[in-house]
Structures are given as C-alpha cells and as structure tokens.
Novice: 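Please see the structure below; I have some questions.
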Amino acid sequence: MQLGGLSCTLGRFPAPGMPRFQTSKEPCMSVVYNPEAVEKAAREQWDSSRCFEVKEDAGKDKFYCLTMFPYPSGKLHMGHVRVLTISDVIARYQRMQGKLVLQPMGWDAFGMPAENAAIQRGVPPAKWTYENIDYMRGQLKRMGYAYDWSREITTCRPEYYRWEQWLFTRMFAKGLVYRKNSVVNWDPVDQTVLANEQVIDGRGWRSDALVERREIPQWFMKITAYADELLRELDNMPGWPESVKTMQRNWIGRSEGVELSFEVAGEDERLTVYTTRPDTLMGVTYMAVAAEHPLARKAAEGNSEISTFIEACQKTDAAEATLETMEKKGMPLGIDAMHPISGDKVPLWVANFVLMSYGTGAVMAVPGHDARDWEFAKKHRLPIRQVIAPTDGSTIDVADAAYLEHGVLVNSGKYDGLDFDAAFNAIADFFESSGLGRRTVHYRLRDWGVSRQRYWGAPIPIIYCDDCNAVPVPEDQLPVVLPEDVQFTGVGSPLKDMPEFYETSCPECGKPARRETDTFDTFVESSWYFARYACPDAKDAMLDERAAYWMPVDQYTGGIEHAILHLLYSRFFQRVMRDEGLVQSAEPFTNLLTQGMVLKDGAKMSKAKGNTVDPQALVDAYGADTVRLFMMFAAPPEHALEWSDEGVQGSYRFLKRFWAAVHTHAEAGAAGPVDPSILVEPQLALRRKVHQTIQKISDDIGRRHAFNTAVAAAMELLNAIGRFDDKSAAGRAVEREALNAVVLMLSPMVPHICNALWRALGNESVLIDQPWPTFDAAALEQNEIDLVVQVNGKLRGKIRVAVDASRDSIIELALAEENVARFVSGNKIKKTIVVPGRLVNVVI
RNA sequence: GCCCGGAUGGCGGAACUGGUAGACGCAACGGACUUAAAAUCCGUUGACCGAAAGGUCGUGUGGGUUCGAGUCCCACUCUGGGCACCA
C-alpha cells in the first residue's frame with residue numbers, strides 16, 4: 001500500500017485551535033477537525049473513568065458481546081479492524097439500550113506462526129508472541145474499542161492453559177479421551193510433521209520433498225459422543241445464520257445405514273463395510289480397501305507390484321480435498337470376497353481414495369448407482385450392474401452414467417420390485433437375523449485429534465509409565481509448564497530434546513517415567529476462552545459462579561471461515577464443561593454474526609499471500625474514527641469486502657463536514673427545546689426526516705446489523721440539515737434536536753468525534769451513558785404520499801394522494817395522470833392492482 | 001470432488017416481506033474560490049434514442065412462475081470460504 005503521499009498531505013493537520021473560534025471552555029475544540037486531539041481526549045476520559053470495566057450485577061440486564069480473539073501475528077490487519085469494529089458498535093449500542101455490557105479482549109497466543117518466526121529470525125516463540133501482544137494491545141487501544149481490559153486473557157500463560165490440562169484429565173477419567181493411531185503429513189527430509197497448509201502440491205514447503213502419509217499414535221477427544229446433541233440442538237438456535245447451521249449439519253453428517261460383512265476367501269476374518277444404500281447390495285461388483293488395510297498388506301507380501309502401489313499411495317498428503325480431487329487409482333489384490341446373498345465372487349481391490357482411519361478402511365462398490373464407483377469401474381473395466389430402476393417406469397442405462405436416485409429394485413432376485421424403504425428393511429433384516437450385520441447410525445464427524453508434534457502449544461498432561469501405561473498428570477501437579485527459554489531449530493519439537501522436561505516419575509507407581517512431549521491443537525484454547533473471560537482471575541477452578549452470570553455469549557462475531565471447526569469444538573467443550581458442572585447453558589453463543597472476509601486482489605488477506613493492508617498507516621493519517629467509519633460503511637458485515645485504498649477519504653471528508661456542521665450550529669448560540677405545535681412546513685419536514693432516520697437506524701443497528709445503511713441514513717440526514725436554513729428560534733430548536741440525534745446515533749461507530757461533538761452541542765452529560773434516542777410517532781405523520789402508477793407493470797407516472805384516500809379515488813387519480821392516460825387510452829382495462837402506500841398497476 | 005455463500009453503473013454498495021432498480025459514498029467530468037495547488041463548495045454522471053416531453057434496454061447466462069422478478073423456481077457460468085495440523 002502506498003500511503004507515503006497521503007501522509008504528506010494529511011500528516012500536517014492544522015494546529016489544534018484557531019483563535020477565531022477558540023473558546024476558553026473547550027481549548028482543543030475548533031471548527032477544524034483534529035482527530036488526533038479529539039481521540040486522545042476521548043481515550044483519556046474513558047480510561048480515567050474505567051467505564052468499560054464491569055462487575056456482575058444480578059439486578060441488571062447483562063449483554064455479553066464477544067469477538068473471536070485474535071492471533072497475535074504482529075500487528076492488526078484489516079480483518080481484525082473489521083470484526084472488532086462490528087462488535088464494538090454492537091457493544092456500545094447495547095450499552096445505550098441500558099444493558100450491562102461485557103466486552104473483553106485477549107490473545108489466541110499459541111500457534112505455528114510463532115515457530116516460523118523463531119526459525120526465520122531466531123527469536124524464541126514466547127518472546128515474539130509477548131512482543132506482538134504488547135504492540136497489538138496498543139493498536140487496539142488506539143482504535144477506541146470499549147474493552148474491559150481488566151479481563152485480558154493470554155492463552156500461552158500457564159494460569160490459563162492449566163485449566164484445559166485439568167479438563168483433559170477430567171475427560172480422561174470419564175473416557176472422553178483416548179489414544180489411537182492416526183495419519184499425519186511426514187516430511188522425510190526435515191524429519192518433521194507438516195500442517196496441511198505447509199504441504200504445497202504434495203511437497204514440503206521448505207524441503208520440497210514429497211510428503212508421506214504416516215501413522216502415529218495421537219490423543220483424541222470424543223466429540224462423536226455428543227454428535228447427536230450437537231446436531232439436534234441446531235434446530236433450536238434461531239440466532240445463528242442458516243448457512244452456518246447447514247454447514248454444521250452436513251459436517252456432522254448423520255446417516256442411517258447398515259454395517260454388513262463379507263466373507264473373504266482364505267481368511268478367517270470377515271470384511272466389514274458400511275453403506276447407506278443396502279438396497280443396491282445386489283449391484284456390488286467389486287470392493288476396495290485402503291493401502292494400509294491388513295488384507296492389502298498381506299497381498300503385498302508376495303507381490304512387488306502391489307507393494308510398490310501401496311508405497312505410492314502413501315506418497316500423498318492427508319488432506320481430504322487432495323484425496324477427493326486426485327486421480328482415483330487402484331489395483332486388484334487377487335483376493336475375492338463372497339457376496340453375502342448371491343454367493344458370487346467379488347474381487348477385492350486396493351485403492352488410493354480409501355483411508356484406513358475413516359470407517360472400516362473398506363468400501364463396497366456399486367458402480368451402477370454411485371458416481372465415484374462408476375468412474376473407477378469404467379476406468380478399470382469392472383462390470384457395472386443396474387439394480388435400481390426409476391419409479392416412473394422410464395429406462396436408464398448405467399453404461400452411460402450411474403443412476404443415483406432411490407427407485408425400484410431390479411436384477412436383485414427375491415428383492416425385485418421393492419422400493420427403497422422396503423429393500424432397506426428386507427436386507428437389513430437379513431443381515432441382523434443371520435448375525436452378519438446390523439443397522440447403525442453413522443456420523444461423518446470424526447473424533448477430534450488434539451495431539452500436535454509441535455513446541456509452541458499447551459503440553460498434553462500425560463505421563464507414560466512402562467508399567468502403568470498412559471497416566472494423567474494429577475491435579476496438584478498441574479500445570480505442566482511449557483519451558484519458554486528454548487533453542488528452536490524447526491527440526492522436531494525442542495521438548496523431545498529436553499530431559500529436564502520429559503523426565504519424571506509415574507504418579508501411580510513412582511517409577512521413572514516419561515512425559516508426553518506433544519502439545520494441544522490450538523483450537524483447544526479457543527474452545528473455552530469465552531467462558532474464562534467471566535472469571536479470568538479464578539485461581540482455584542477453571543470457572544466460578546461468575547461464568548453462570550455472563551454465559552452464554554449474547555452476541556458472538558467472527559469470520560465465516562470458522563463456521564465449522566472452531567464453532568463446533570466450542571459447542572462441544574461447552575457441553576463437556578456443562579457436564580462437569582461448570583456452566584449451565586449447553587450452547588455457548590446465542591447470536592452469531594459471521595462477518596465476511598476482507599479480501600485484497602480477490603483473496604483472503606494473509607501474511608502467507610503477502611497481500612495485507614496495514615490499518616496503522618490509515619489511523620496515523622486520518623484517525624481511528626475515519627477507519628472505523630469506513631469499515632462500517634464499505635459493505636454489510638456478512639459480505640466479503642474487497643479492499644480498496646480509495647474511499648477512506650470519503651469517510652474522512654464526512655467527519656470533517658459533521659464536525660463543521662455541529663460547530664457552525666453551536667457557534668450561533670443556544671437553542672431551546674422543540675415545540676411541535678408551532679412548527680411550520682420546512683421545519684416539520686426536517687423533523688420528520690429526523691424521526692424517520694431514528695426509526696431506520698435503530699432497526700439497522702439493533703435488528704439487521706446493517707451498519708452500512710445506518711451510516712448512509714445518517715449521511716442523508718446530515719445533508720438535509722445542511723440544506724435547512726432557518727435561523728428562527730423554532731428552526732434552531734429543530735436543528736439542535738437533529739444534530740443531537742445524529743451524534744447519538746453515530747456514536748457507536750465513531751465514538752471519539754461524537755464524544756467531542758456532544759459537548760459542543762452544550763450537553764453536560766457523558767455521551768457513552770446516554771440512552772439511545774427514540775422516535776416520536778407524531779413527528780412521522782404525513783397528510784399526503786406519492787404513489788407510483790404502472791401500466792402493465794411499467795412505470796408511467798406518479799400521483800400524490802391523501803394518506804387515507806380510498807381505493808376508488810386513487811384509481812381515478814391514477815387514470816387521470818397524463819402519461820398514464822396516454823398508455824391506457826383505447827384499451828380495455830382488465831384489472832387494477834392497488835398496493836396501499838406503494839403503487840397502482842393498471843393491466844390492459 | 002463434496003458442503004456453504006456471492007455476482008446489481010467505471011468502483012463499494014442500496015432496494016428489509018414479490019411492488020419506483022442504482023439510496024449513500026468513491027471515482028470521473030464541468031464550474032466557483034485561489035497567483036497556483038491542496039482543501040472546501042455547487043452541478044452532471046447506467047446504456048441507447050430524442051430538441052424536449054418522453055421512450056427502449058438494463059441486476060452473471062438460459063429458461064419458467066406472476067398483473068409485476070435483482071428478489072421465487074429449474075438448469076448453467078464465474079467467483080469467495082470450508083474440507084478436520086493456518087488461525
């Protein structure tokens with residue numbers, strides 16, 4: 001971004017105060033808008049009164065307003081500014097509604113970027129993180145966000161993460177965590193585990209080596225134990241966007257199906273598969289197993305072609321998107337399974353798209369009625385058999401494409417003629433009665449793997465003992481503190497080279513034992529921080545009774561990119577905490593606002609892409625209010641916002657006009673209260689506009705969260721005030737009421753300038769404690785309104801009618817309108833539609 | 001590949017419940033002020049036809065429903081997000 005030129009023209013603001021307008025009462029106020037001075041004064045006022053620090057008060061309506069806390073990446077970026085401003089506007093608006101508003105801030109402080117910085121610049125992750133936090137905290141304060149800083153949380157501090165270690169041990173006791181093998185991306189050159197993000201086109205980002213799938217033992221949390229509740233409760237969450245709920249429903253992916261087993265020639269163990277389409281069972285023409293499947297391994301022993309293929313299968317990363325888009329490859333194993341009903345031989349293949357860790361590691365293939373199976377069968381010339389026909393009797397050819405709909409069974413022996421439900425039940429019954437299978441409910445959702453082979457994370461509180469196996473660290477030995485003074489090289493975790501960290505004794509038998517050196521996924525910290533803000537200083541418990549007061553969060557705001565993982569994990573943790581007796585509510589977030597991303601050059605702003613825009617330069621040039629205003633005005637909050645450097649000036653210009661309008665009015669002297677009974681038409685019109693605008697902005701902010709149209713409405717009103725030229729006492733009273741309303745209504749968005757303008761208008765009170773303005777219905781009343789007249793749906797004229805005009809008199813006026821009459825003349829009117837208050841449509 | 005969004009002037013967007021498409025702002029152009037520039041103020045600005053009145057077209061593409069569609073339905077195109085180790 002090029003702001004060098006800007007600072008030349010904008011860096012030299014006129015010195016505060018021009019003698020002509022200076023008053024002794026407000027030394028830094030003048031008709032020249034000086035954002036730096038105005039904002040500093042407001043900040044000092046808020047800081048010294050500590051007005052955003054809140055204490056629980058059972059007698060008051062609480063409002064917990066929260067933003068997804070930032071990762072301390074170095075400095076604020078536009079995405080932060082956008083979401084934090086949205087949340088701040090809501091918080092300040094709710095305060096004006098009389099609520100006791102909690103708006104806390106903290107740091108999602110563990111994560112990979114700190115390790116990357118350590119590798120690149122040799123700074124220890126802890127030092128880098130704490131320095132970033134200090135810098136970014138300063139930036140947030142400069143933006144004027146209404147935070148209760150006394151509740152600040154930093155997740156890399158032991159006093160924070162000790163409680164998630166504690167919860168983990170509680171979950172261990174309840175059987176909600178377990179250890180199993182799972183796949184990671186292994187970089188064979190750097191000898192390290194890579195994040196999916198660090199794999200580019202199947203190669204390690206630094207080493208450029210082909211990444212391998214490797215299985216290692218890892219800890220899992222049983223989120224699937226809550227799958228059904230997490231799914232069902234979505235139906236009772238009206239405060240969440242439908243799109244997010246739909247994404248979560250699909251992610252959880254509940255399906256009802258049948259688990260059934262096939263006999264394998266020469267094997268004792270049967271091969272089990274899960275299917276939601278048992279009705280297509282007679283169409284199975286082959287089966288596929290994962291490369292890691294024991295049957296594949298066994299077949300590879302005497303066959304170098306198969307073992308080469310299996311090796312090749314493992315030379316790929318573990319991301320689902322990769323698996324789904326890569327070329328589907330497979331090889332026959334030379335082993336046959338037996339079809340459980342027909343007894344036919346079904347060839348067994350090994351395939352690269354089947355994963356051992358998902359489900360049973362084996363699938364039955366019905367190429368006639370499954371798109372992926374169809375493609376694979378075509379490629380490998382496997383038979384495709386039609387066993388389902390359309391219910392409407394039409395014919396299809398499975399040689400052209402798989403038929404995916406439910407239908408009637410054909411070519412299925414005794415099951416022929418059955419529909420989906422009947423066939424499902426008949427075949428499920430067959431397996432259940434023969435003991436070879438059973439009906440099951442299956443979830444796409446998998447248990448949450450929380451182990452990370454990284455240094456900069458919270459240590460997993462487990463001790464491995466040769467005799468006692470994996471033992472959780474006892475509560476009185478928590479926290480397991482992550483050493484912060486380490487040599488970080490990037491090859492493996494330094495914890496693995498620190499005997500002083502991992503050497504310990506078994507809590508159960510006392511023998512020498514070894515600590516777990518893996519750390520938690522950073523999503524663990526972000527899955528409960530919202531509750532900890534209620535009682536950040538609680539020493540003896542994860543949460544105390546204050547959490548019951550503040551939770552659930554009334555308004556949660558964050559990026560749509562978190563629609564699934566973070567929000568689902570948080571919903572899971574909230575339930576774990578509930579079952580531990582720590583909170584009451586099952587759901588952590590009552591209302592969710594997912595703000596769109598700030599894009600630059602059509603892509604998400606990220607350090608990795610190098611397309612970030614630094615808000616600091618804008619704040620330096622124009623002040624925080626201009627940046628806040630622009631972010632609110634540029635787009636509705638849910639939309640992606642394509643960043644453009646232009647347009648910020650427009651917001652700045654508006655604030656200058658706003659400032660000048662208030663001061664010009666105030667310089668002219670006092671103004672009394674409005675007496676509606678003596679107003680005449682232009683005064684009534686402005687007053688009507690004022691109260692219309694109050695009505696609109698209240699709805700825009702309070703209900704719709706449409707901050708962009710709220711700003712537009714305020715701009716319109718200010719334009720109307722500018723055109724209003726009435727120096728009479730009544731005129732000045734109306735203008736004063738109008739300006740007071742604009743200041744109040746813009747104050748959540750641009751709080752600093754409004755703080756100053758409120759005083760300039762002669763108000764002695766503190767702006768942030770003012771109630772939100774209410775509109776006067778009497779001021780909205782009108783005698784006449786304009787209606788649009790259409791002929792056959794096309795706009796042909798406008799008429800002005802009395803508000804209470806009858807339908808007949810409206811039609812009469814409409815037909816009399818000159819242009820309308822021209823289009824109607826000589827035609828028979830078929831019908832006339834009158835939409836009260838809007839339009840007349842004459843159909844000819 | 002699968003799931004969830006989006007597409008409206010030169011640009012960001014408005015139109016909330018199917019009822020005046022383009023509010024508000026940016027940019028551009030013209031004018032005022034100025035020695036000049038910046039800042040500020042005033043005006044014009046969807047395309048086309050017309051002297052004007054007014055008309056025709058127009059909300060990614062192609063169909064449909066309706067008196068009336070940016071909005072609802074069907075089929076596409078392009079594009080953003082997510083896909084379990086970025087946060």
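Here is the naming used below: chain letters follow the sequence lines, and residue numbers restart at 1 for every chain.
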Novice: Output one line per pair: protein atom, nucleotide atom from nucleotides 68-70 of chain B, and distance, for all N/O pairs under 3.5 Å.
Specialist:
none

Novice: Could you go through nucleotides 64-66 of chain B and list every protein N or O atom that sits under 3.5 Å from one of its N or O atoms, giving the distance for each pair?
Specialist:
none

Novice: In dot-bracket form, how is RNA chain B paired, counting a Watson-Crick or G-U wobble pair only if both its distances are under 3.5 Å and using | for bases paired to another strand?
Specialist: (((((((..(((......[....))).(((((.......))))).((((....))))..(((((..]....))))))))))))....
Novice: Produce a footprint string for nucleotides 2-9 of chain B: one letter per nucleotide, 5' end first; B if the base is under 4.0 Å from any protein heavy atom, S if only the sugar-phosphate is, - if neither.
Specialist: -SSS----
Novice: With sequence neighbours left out, write down each residue that passes ring pair (Phe, Tyr, Trp, His ring centres under 6.0 Å) with A:Y569, or none if nothing qualifies.
Specialist: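 A:W448, A:F523.
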Novice: In a table with atom names and distances, give each donor-acceptor pair under 3.5 Å that connects a side chain of residues 832-844 of chain A to protein atoms at least two apart or in another chain.
Specialist:
unit_1 : atom_1 : unit_2 : atom_2 : d
A:N841 : OD1    : A:N792 : N      : 3.4
A:N841 : OD1    : A:G793 : N      : 2.9

Novice: What pairs of nitrogen or oxygen atoms, one from the protein and one from nucleotides 50-54 of chain B, lie under 3.5 Å apart?
Specialist:
unit_1 : atom_1 : unit_2 : atom_2 : d
B:G54  : O2'    : A:R822 : NH2    : 3.3

Novice: Roughly, in whole Å, what's the span from CZ in A:F707 to P in B:A23?
Specialist: 23 Å
Novice: Can you name the residues that form a salt bridge (charged side-chain N to carboxylate O under 4.0 Å, His left out) with A:R454, not counting sequence neighbours?
Specialist: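 Counting only residues at least two positions away or on another chain, A:R454 forms no salt bridge (charged side-chain N to carboxylate O under 4.0 Å, His left out).
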Novice: What is the distance from CG of A:L795 to C1' of B:C57, rounded to the nearest Å?
Specialist: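 In whole Å, B:C57 C1' and A:L795 CG are 15 Å from each other.
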Novice: Could you pull out all residues at least two apart from A:F823 that satisfy ring pair (Phe, Tyr, Trp, His ring centres under 6.0 Å)?
Specialist: none
Novice: Is it true that A:E817 and A:K798 have a side-chain N and a carboxylate O under 4.0 angstrom from each other?
Specialist: no
Novice: Which residues pass the ring pair (Phe, Tyr, Trp, His ring centres under 6.0 Å) test with A:Y71, not counting sequence neighbours?
Specialist: none
Novice: Quick one: A:E197 CD to B:G82 P, roughly how many Å, whole number?
Specialist: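 Roughly 10 Å, once rounded to whole Å.
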Novice: A:Y226: which residues meet the ring pair (Phe, Tyr, Trp, His ring centres under 6.0 Å) condition with it, sequence neighbours left out?
Specialist: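 Result, ring pair (Phe, Tyr, Trp, His ring centres under 6.0 Å) vs A:Y226: A:F572.
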Novice: What does the list of N/O pairs under 3.5 Å between the protein and nucleotides 24-31 of chain B look like, with a distance for each?
Specialist:
unit_1 : atom_1 : unit_2 : atom_2 : d
B:G25  : OP1    : A:N719 : ND2    : 3.1
B:C26  : OP1    : A:R653 : NE     : 3.2
B:C26  : OP1    : A:R653 : NH2    : 2.7
B:A27  : OP2    : A:R653 : NH2    : 3.1

